[in-house]
Enquirer: 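Below you will find the structure I want to go over with you.
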Amino acid sequence: MLFAGVPDPHMRLIIRWLITSISLLVAAWLVPGIHVDHDGWAVFAGMALVLGLVNAVLRPILKLLSCPLIILTLGVFVLVINGLTLWLASSIATRWFGVGFHVDGFWSAFFGALIVSIVSVSLHALMPDAKRED
């Protein structure tokens with residue numbers, strides 16, 4: 001495994017932050033409506049931090065409030081929530097912190113969040129679970 005020697009929770013948090021940064025880089029590269037002002041890791045690292053905070057604070061509330069829609073659509077509405085949180089995180093990062101990560105509209109946010117999810121899940125699959133390590 002790639003991260004087999006990483007039992008420290010702080011190091012695991014940093015690795016997860018880097019994985020989110022890489023996922024955002026891939027989304028900005030693939031989705032035409034997502035663009036950055038500068039070519040640098042600081043933009044993606046800052047956006048990953050803001051996205052992590054938005055996901056930690058607002059996403060559970062949004063999922064709770066939209067629980068009937070999530071059940072009705074058999075979970076597909078979670079993709080809409082992911083897109084909205086990416087769009088909101090981009091707006092917060094740009095306006096409050098001056099991070100140059102721009103998402104042009106909902107559909108760019110939707111497809112960007114889909115790519116971020118796919119890349120993140122793929123890269124997190126390389127990280128072993130600390131509870132499963134023997």
Side-chain angles (χ1 to χ4, degrees):
M1 293 241 127
L2 186 59
F3 301 108
V6 187
D8 182 30
H10 296 100
M11 185 58 76
R12 293 177 71 82
L13 179 66
I14 291 171
I15 291 171
R16 289 178 189 274
W17 182 39
L18 289 173
I19 287 174
T20 304
S21 299
I22 292 168
S23 301
L24 289 167
L25 173 73
V26 173
W29 182 54
L30 291 176
V31 178
I34 299 177
H35 50 92
V36 294
D37 288 343
H38 308 287
D39 291 333
W41 278 101
V43 173
F44 298 107
M47 180 59 190
L49 182 64
V50 173
L51 182 62
L53 292 173
V54 169
N55 280 338
V57 175
L58 292 178
R59 191 166 177 249
I61 297 168
L62 290 173
K63 287 175 86 173
L64 179 68
L65 293 175
S66 63
C67 190
L69 280 174
I70 293 171
I71 293 170
L72 186 66
T73 61
L74 301 175
V76 176
F77 194 72
V78 172
L79 297 175
V80 173
I81 293 173
N82 289 348
L84 290 174
T85 55
L86 179 65
W87 200 8
L88 178 64
S90 168
S91 178
I92 291 171
T94 303
R95 291 184 182 149
W96 292 359
F97 301 109
V99 175
F101 189 92
H102 303 279
V103 179
D104 290 338
F106 171 74
W107 291 110
S108 297
F110 179 83
F111 290 116
L114 187 62
I115 290 171
V116 166
S117 297
I118 291 169
V119 173
S120 292
V121 166
S122 300
L123 292 177
H124 279 115
L126 299 174
M127 253 178 73
D129 189 11
K131 296 173 188 167
R132 291 186 300 170
E133 286 184 11
D134 294 326

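Given the structure is predicted, the values throughout are model-derived calculations rather than measurements.
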Enquirer: Could I get the full list of side chain to side chain contact (heavy atoms under 4.5 Å, CB included) partners for Ser122, not counting sequence neighbours?
Expert: Ile118
Enquirer: Compile the donor-acceptor pairs under 3.5 Å between side chains in residues 22-29 and protein atoms, sequence neighbours left out, one pair per line.
Expert:
unit_1, atom_1, unit_2, atom_2, d
Ser23, OG, Ile19, O, 2.9
Ser23, OG, Ser120, N, 3.3
Ser23, OG, Ser120, OG, 2.8

Enquirer: Side chains of Val99 and Ile92: closer than 4.5 Å at any heavy-atom pair?
Expert: no
Enquirer: For residues Ala109 and Trp87, report the shortest heavy-atom separation together with the two atoms involved.
Expert: CB-CB, 3.7 Å
Enquirer: Please round to the nearest 0.5 Å and tell me the distance separating atom NE2 of His35 and atom OG of Ser90.
Expert: 8.5 Å
Enquirer: Search all heavy atoms of Phe77 against all heavy atoms of Thr73 and return the closest pair with its distance.
Expert: N-OG1, 3.1 Å
Enquirer: Roughly how far, to the nearest 0.5 Å, is the NE2 atom of His124 from the CG atom of Leu126?
Expert: 10.0 Å
Enquirer: Treating Ile, Leu, Val, Met, Phe, Trp and Tyr as nodes and any side-chain heavy-atom pair under 4.5 angstrom as an edge, say whether Trp41 and Ile15 lie in one connected cluster.
Expert: yes
Enquirer: Report the distance from atom NE2 of His102 to atom OG of Ser91, rounding to the nearest 0.5 Å.
Expert: 10.5 Å
Enquirer: Under 3.5 Å, which donor-acceptor pairs do the side chains of residues 47-65 form with other protein atoms, sequence neighbours left out?
Expert:
unit_1, atom_1, unit_2, atom_2, d
Asn55, ND2, Leu51, O, 3.4
Arg59, NE, Asn82, OD1, 2.9
Arg59, NH2, Asn82, OD1, 2.9

Enquirer: Kindly work out whether a path of hydrophobic side-chain contacts (I/L/V/M/F/W/Y, heavy atoms less than 4.5 Å apart) joins Val119 to Ile14.
Expert: no
Enquirer: Between Val121 and Val76, is there shared hydrophobic-cluster membership here, with clusters defined by ILVMFWY side-chain heavy atoms closer than 4.5 Å?
Expert: no
Enquirer: Are Leu72 and Leu74 co-members of a hydrophobic cluster defined by side-chain heavy atoms under 4.5 Å apart?
Expert: no
Enquirer: Should the pair Phe110 and Trp107 be assigned to parallel (<30°), tilted (30 to 60°) or perpendicular (>60°) ring geometry?
Expert: perpendicular
Enquirer: Let me check something: do Val80 and Leu69 share a hydrophobic cluster, defined by ILVMFWY side-chain heavy atoms less than 4.5 Å apart, either directly or through other members?
Expert: yes
Enquirer: Looking at Leu86 and Ala113, what are the two nearest heavy atoms and their distance?
Expert: CD2-N, 3.5 Å
Enquirer: Determine the minimum heavy-atom distance between Thr94 and Phe101, stating which atoms define it.
Expert: OG1-O, 3.0 Å
Enquirer: Could you grab the distance from atom CZ of Phe111 to atom CG of Leu30, nearest 0.5 Å is fine?
Expert: 12.5 Å
